[in-house]
2 protein chains.
Amino acid sequence: MQTVRNDTYNFETPVLCQSCAARHQGICGALNPEQLLELTKSTRRVRKQAGEELMADAMPISSYANVLRGVIKLSKVLEDGRQQVVGLQFAPDLLGRPFAAESRVTAEAASEVDLCIIPKPALESLLTQSAALEHRVMMQALRELDEARDWMVTLGRKSAAEKVASFLYLIATHIDPTDREPETSFDLPLSRADIGDFLGLTIETVSRQMSKLKADGVVEIVNYRHVSVPDLARLRLRCG
Amino acid sequence: MQTVRNDTYNFETPVLCQSCAARHQGICGALNPEQLLELTKSTRRVRKQAGEELMADAMPISSYANVLRGVIKLSKVLEDGRQQVVGLQFAPDLLGRPFAAESRVTAEAASEVDLCIIPKPALESLLTQSAALEHRVMMQALRELDEARDWMVTLGRKSAAEKVASFLYLIATHIDPTDREPETSFDLPLSRADIGDFLGLTIETVSRQMSKLKADGVVEIVNYRHVSVPDLARLRLRCG
DNA sequence: CGTGGCGTTGAGAAGGATCAACTTACGTGG
DNA sequence: CCACGTAAGTTGATCCTTCTCAACGCCACG
């Protein structure tokens with residue numbers, strides 16, 4: 001039998017975490033087995049159906065969550081009901097604004113999702129202990145900021161056709177977190193209405209532009225929710 | 001004579017920092033006098049004129065900078081020249097994306113600005129030493145993310161009239177970093193062209209909406225670059 | 001007294017929104 | 001298994017907001 005070594009490998013990776021999407025790429029990658037084991041005492045896995053609300057704008061946050069599978073839709077609404085989707089989160093992102101008392105967005109499961117719920121105090125105490133963890137969380141925030149700014153260009157300066165192409169390109173390159181290569185055939189995680197709210201367009205305009213891309217042979221619409229992109233470079237050209 | 005105490009107050013706040021806008025509110029607020037003194041060995045103050053480029057998109061970053069006075073414009077351009085302003089930075093923000101090898105945006109002085117230039121290695125070594133500093137930087141990134149998402153709603157879902165009102169409201173509430181109260185009379189840090197690029201509108205549309213707000217008595221246009229808002233609540237109502 | 005940069009105003013064109021009809025997919029219950 | 005109902009998506013016609021193009025005003029500067 002191997003002697004017990006006095007280092008971080010005293011502890012083994014918890015069984016639940018061994019096959020977890022967030023174990024290495026997500027924030028848990030910054031934790032050693034000991035910390036991970038401690039954290040798992042207060043976490044729990046849940047499955048949410050598409051459409052379920054996970055967090056409401058201006059409501060207190062009681063927990064964070066690692067996205068393990070599926071897509072989360074982040075949105076904001078104006079008083080009169082106009083809605084804007086301000087971001088999508090894919091595995092292995094952390095859901096929830098760190099250190100904020102209340103949410104600044106509404107979070108909703110866009111597809112069926114698996115989450116690893118982490119109580120707010122559990123994560124926050126770990127954050128103050130581990131600079132490596134806080135660093136990971138900061139790097140995610142910075143990446144989200146870059147993505148938000150990229151999308152501002154799409155919202156402010158692109159035509160409807162370019163917007164829809166940009167959306168399809170985004171999904172093709174983000175839908176599978178395990179795969180480094182973009183997908184050529186995938187399910188859309190959003191309805192036409194949500195796509196419109198993401199792009200600042202109406203459902204009708206989204207639909208027309210999708211039909212146009214199909215007519216031009218840039219995408220195939222297998223099913224309303226499933227598209228296939230034979231040549232990603234050609235789609236990229238349509239993004240403006 | 002007081003005995004020297006073995007704590008952080010062994011060191012005095014550097015003279016240059018004593019009257020600095022970033023000393024308490026900005027990232028330097030996370031540093032003790034010792035760290036601050038060490039940092040000032042490699043920093044230098046510079047003044048930049050409106051229009052000077054501080055950082056180019058996709059170019060290597062050699063330094064960060066604290067904004068001490070004035071407004072920085074962050075923008076992105078598409079290949080064909082279409083431009084989008086993706087954010088404004090006011091004192092005492094930190095300019096420059098932490099830990100990134102190259103910039104993801106173009107940064108330009110919108111007004112005359114004073115900066116405290118910090119070499120990249122100097123800040124980054126401090127960041128790895130001080131969890132408190134990294135925490136501040138993360139909090140700024142999270143605030144910027146919130147602001148970017150708020151602006152996405154403006155870009156995606158508001159009318160031209162609401163966009164221009166939102167811009168004026170943003171400036172009124174951000175232009176003076178020392179003042180808790182919004183300003184009722186202020187200089188616009190952006191030209192009409194830049195305002196258009198911030199709002200995803202043309203110069204002409206910005207101009208027409210400004211004239212309309214003036215005709216409706218919501219704002220007074222003292223000078224092209226100086227406006228006065230007698231009733232901020234009325235302006236707020238126009239923001240949608 | 002030009003000249004050029006910046007801003008405003010007007011007329012016409014165009015892109016996307018709105019309103020409305022129709023299609024497709026899918027679940028439910030007879 | 002099919003009739004029905006409903007939700008989601010598509011397509012067409014028309015309207016309206018914003019863009020485009022053009023002329024003009026203001027002001028600083030040589």
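We name chains A, B, ... by the order of the sequence lines, and we start the count at 1 in each one.
A donor atom on one side chain and an acceptor atom on the other are found under 3.5 Å apart for A/T202 and A/T205. Side chains of A/K158 and A/S166: a donor-acceptor N/O pair is present below 3.5 angstrom, by distance only.
Applying the side chain to side chain donor-acceptor pair (under 3.5 Å) test to A/E108 and every residue at least two apart in sequence or in another chain returns A/K73. With sequence neighbours left out, the side chain to side chain donor-acceptor pair (under 3.5 Å) criterion links B/D231 to no other residue. Qualifying salt bridge (Lys or Arg N to Asp or Glu O under 4.0 Å) partners for A/R45, counting only residues two or more places apart in sequence or in other chains: none. Scored by the side chain to side chain contact (heavy atoms under 4.5 Å, CB included) test, A/A161 finds A/S159, A/Q209 as partners (sequence neighbours excluded). Remark: B/R44 pairs with no residue by the salt bridge (Lys or Arg N to Asp or Glu O under 4.0 Å) rule, at least two apart or across chains.
A salt bridge is absent between B/K48 and B/D114; no separation between the charged side-chain nitrogens and carboxylate oxygens falls under 4.0 Å.
Along DNA chain C, read 5' to 3', the first and last nucleotides having any atom under 4.0 Å from a heavy atom of chain B are C/dG7 to C/dA11.
Note on the helix from C/dC1-D/dG30 to C/dG30-D/dC1: angle between the axes of the first and last five pairs equals 30°, rounded to 10 degrees.
Residues A/I221 and A/M210 are in side-chain contact: their nearest non-hydrogen atoms beyond the backbone lie under 4.5 Å apart.
We find that CG of A/L213 is positioned 15 Å from C1' of D/dT10, with the value rounded to whole Å. Between A/K214 atom NZ and D/dG9 atom P the separation is 14 Å, expressed in whole Å.
Listed by first and then second residue, the salt bridge (Lys or Arg N to Asp or Glu O under 4.0 Å) pairs involving residues 79-99 of chain A are A/D80-A/R82, A/R82-B/E162, A/D93-A/R143, A/R97-B/D146 (not counting sequence neighbours). For residues 202-229 of chain A, every residue pair satisfying the salt bridge (Lys or Arg N to Asp or Glu O under 4.0 Å) rule, not counting sequence neighbours, is listed here: A/D216-A/R238.
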Would you list the atom pairs, donor with acceptor, under 3.5 Å between side chains in residues 49-58 of chain B and any protein atom, with sequence neighbours excluded?
residue : atom : partner : partner atom : Å
B/E52   : OE2  : B/Q49   : N            : 2.7

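Residues of residues 185-199 of chain A that place a heavy atom closer than 4.0 Å to DNA chain C do not occur.
In this structure a side-chain-to-backbone donor-acceptor pair under 3.5 Å is present from A/R157 to B/L201.
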Nucleotides 13-30 of chain D: protein proximity per nucleotide (B base, S sugar-phosphate only, - neither; heavy atom, under 4.0 Å): B----SSBB----S----
